[in-house]
Amino acid sequence: MTWDPDAVEAWRIVGYENRVTSAESFTQDRKEFAEIYSGAATTVFYELELHDDFRRHGALGQVELRWVEPESGRGWSQSTDIAGGGQVRPALVDPLLSFGAVVALTADRYNALGDARESYDSGRDLWTLLGLVDGLHGDLGHLAAFEDFAFVMEALLRSVPYVEPDNSGYSR
């Protein structure tokens, strides 16, 4: 991922802070960072802080997929722009994708509860995320995985002091 600094003010990969590497590492065919084996699939969630005028830009950035052909050792790549400029509409967001984001963010914020500096913010964010889980119940309430997660999240929050949800960004 390469983010356009004119559109994206700050970013992070949710849950992968321990895998930070230099930009130069991504140009090396044999460098293992986020290796995905043939036939496998993965999802990565990015948390973005956008500039106020991000909609003026054609793209938020670019995603590049690189791979090495096993027989020849030859490297290949393919890239495409990441939609920006207001091209992504909330109506296109699949409830399962939203659920995946909530699960990833819940794990991330739960992990930060032990840090005294972040506990208040993490608690507030977890209560905000519970509201998003409640909002997904209509679409996903029939799934056992959703019901299991909702149960675990409610149990988790019994030990987290209630903090009024605010405009944390998770509701946007």
Euclidean distance, [Y] [atom2] relative to [X] [atom1], rounded to 0.5 Å:
| X | Y | atom1 | atom2 | value |
| --- | --- | --- | --- | --- |
| Leu136 | Phe99 | CG | CZ | 8.0 Å |
| Ile82 | Tyr46 | CD1 | OH | 8.0 Å |
| Met153 | Asp148 | CE | CG | 14.5 Å |

Non-neighbouring partners of Ser72 that pass side-chain hydrogen bond (donor to acceptor under 3.5 Å, both in side chains), sequence neighbours left out: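 Ser72 satisfies side-chain hydrogen bond (donor to acceptor under 3.5 Å, both in side chains) with Glu69 only.
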List in chain and number order the residues that pass side-chain hydrogen bond (donor to acceptor under 3.5 Å, both in side chains) with His137, two or more places apart in sequence or in another chain; answer none if no residue qualifies.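 Per chain and number, His137 pairs via side-chain hydrogen bond (donor to acceptor under 3.5 Å, both in side chains) with Glu147.
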Any side-chain heavy atom of [X] sitting closer than 4.5 Å to one from [Y]?
| X | Y | value |
| --- | --- | --- |
| Leu48 | Phe54 | no |
| Glu64 | Gln62 | no |
| Leu132 | Leu105 | no |
| Asp108 | Arg12 | yes |
| Phe45 | Leu97 | yes |
| Asp6 | Arg56 | no |
| Leu126 | Leu113 | yes |

Do you reckon Val160 sits in the same ILVMFWY cluster as Val152, going by side-chain contacts under 4.5 Å, direct or chained?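 They do not share one cluster, since no chain of ILVMFWY contacts under 4.5 Å joins Val160 to Val152.
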Same apolar cluster: Tyr110 and Tyr162, side chain cutoff 4.5 Å: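 Yes, it is one cluster - the side chains of Tyr110 and Tyr162 are joined through contacts under 4.5 Å.
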Assess whether atom CG of Asp52 is packed by more than 12 heavy atoms of other residues, nucleotides or ligands within 6.0 Å.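 No, CG of Asp52 has 12 or fewer neighbouring heavy atoms, counting only those of other groups under 6.0 Å.
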N/O donor-acceptor pair under 3.5 Å between Trp127 side chain and Leu157 backbone: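 Pair absent, no side-chain N/O of Trp127 close to backbone of Leu157.
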Output, in order, the C-alpha distance, side-chain angles, deciding distance and verdict of side chain to side chain contact (heavy atoms under 4.5 Å, CB included) for Val133 and Glu154. CA-CA 10 Å; Val133 169; Glu154 288 173 7; over 6 Å; no
Non-hydrogen atoms of [X] and [Y] that approach each other most closely:
| X | Y | result |
| --- | --- | --- |
| Pro161 | Ser159 | CD-O, 3.8 Å |
| Leu60 | Ala7 | CD2-CB, 4.0 Å |
| Asp125 | Arg109 | OD2-NE, 3.2 Å |
| Asp4 | Ala59 | OD2-O, 3.9 Å |

